[in-house]
Amino acid sequence: MSDTPLLGLPLLAAAQAQKHVTLNEALSILDASVQPAVISRTRTTPPGSPTEGDRHLVASGASGDWLGADGRIALFVNGGWRFLPPREGWRLWVEEEGLTIAYASGAWGPPPIASGLGGHAFFEQFIFDEPIQPGGAFETVGQIPANTQAFGLTARVISEITGASGWDVGVVGNEKRYGGGHDVALNASVELARSSIDKYGSAQSLLITPVGGDFSGGIVRFAIPLLRFTPPDPV
C-alpha cells in the first residue's frame, strides 16, 4: 500500500530517498483536508490569480486545468492545482455563501438535520435571482422545488425595480401569500415568516405582481427556507 485508505496520504517506503518530498506532500493534503473550507462551489474553471492554499469546490462541467475534477476540492499548492476526492460524510464550509454542505451518496448538498436508516430530513435555503419581466404580473422562472415545505420567504432587490411603485409576491390563486406593497429600491428587503407551513408537492413558481404601474426592469434575489425529506433506503 503506497497511500493511506481514507485521505490518500502518500506513505514513506523503506529505504526511500528524499523522504521529505513524500512527507511534505502528505502534510499538504492533510492541511487541506482537516476542517475543510472552500472559497466557492460555483466555478468550473480556476481563478486567474490564485493564492497559495486557496481551495474551491469544482462545479459540474469543469474545463481547462480543472477538467475531470467535478465535485472535488481543488487546492492550489506549490504553484499548481491538486484535487482532493471527497469521502462519505465530509462537511465543507463555503465562504462565499456562509453555509455548510455535506457529501453523501456521491453528491454535495445540505447536511441533514435528522437521519435514520437512510432516510433524511434537510433544512436548506433555496436561493435564486429573478429578473423582473416588463409589464404586469408574471410567474418566476425560479421554482420552489417539489416535495418541500416552505416556512416563509426572504428577498432582496439587487437591481432597482423600475416602473412600479411596489410589488406583491405570492402564488397563483394567492398573489399576496408572501406579502404585498414591497419596496422597489436597491437593497430593499423582504422578511416574512408564515404562521403556517406551505407544502409544495410539485415545483412551484412565485407570482410577482406590480403595484402602481407596470414593471419595466429590476432583479430580485429570493431566499426561501425549506424543509425536505427523503425516504429510508430500499431493503
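Here the shortest heavy-atom pairing between Pro110 and Glu124 reads CG-OE2, 3.6 Å. Closest non-hydrogen pair, Glu130 versus Val141, comes out as OE2-N, 2.9 Å.
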Note to self: side-chain contact (heavy atoms from CB on, under 4.5 Å), that's the test. Do Ile208 and Ile132 meet it? Break it down for me.
What the structure shows: CA-CA 8 Å; Ile208 311 300; Ile132 297 297; 4.3 Å; yes
Next item on the list: Go through Ile39 and Glu96 one step at a time and tell me if the side-chain contact (heavy atoms from CB on, under 4.5 Å) criterion holds.
Entry: CA-CA 6 Å; Ile39 296 172; Glu96 282 188 351; 4.1 Å; yes
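For Thr154 (side chain) and Val190 (main-chain N/O), no donor-acceptor pair under 3.5 Å exists by modelled atom type. A donor-acceptor contact shorter than 3.5 Å links the side chain of Thr140 to the backbone of Leu206. Side-chain atoms of Glu95 never come within 3.5 Å of backbone atoms of Ala37 as a donor-acceptor pair (strictly under, hydrogens ignored). When atom types are taken as modelled, the side chain of Thr162 and the backbone of Gly217 share a donor-acceptor pair closer than 3.5 angstrom. Within the 3.5 Å criterion, the main-chain N or O of Gly61 finds a donor-acceptor partner in the side chain of Asp70. The backbone N or O of Phe76 sits nowhere less than 3.5 Å from a side-chain atom of Asp54 that would complete a donor-acceptor pair.
Shown here are the side chain to side chain donor-acceptor pair (under 3.5 Å) partners of Ser40, two or more places apart in sequence or in another chain: His56. Residues satisfying the side chain to side chain donor-acceptor pair (under 3.5 Å) test with Arg43, not counting sequence neighbours, are none.
A salt bridge links Glu97 with Arg41; the closest basic N to acidic carboxylate O contact falls under 4.0 Å.
Remark: Arg228 is positioned above the aromatic ring of Phe122, its terminal NZ or CZ atom under 6.0 angstrom from the ring centre and at most 45 degrees off the axis.
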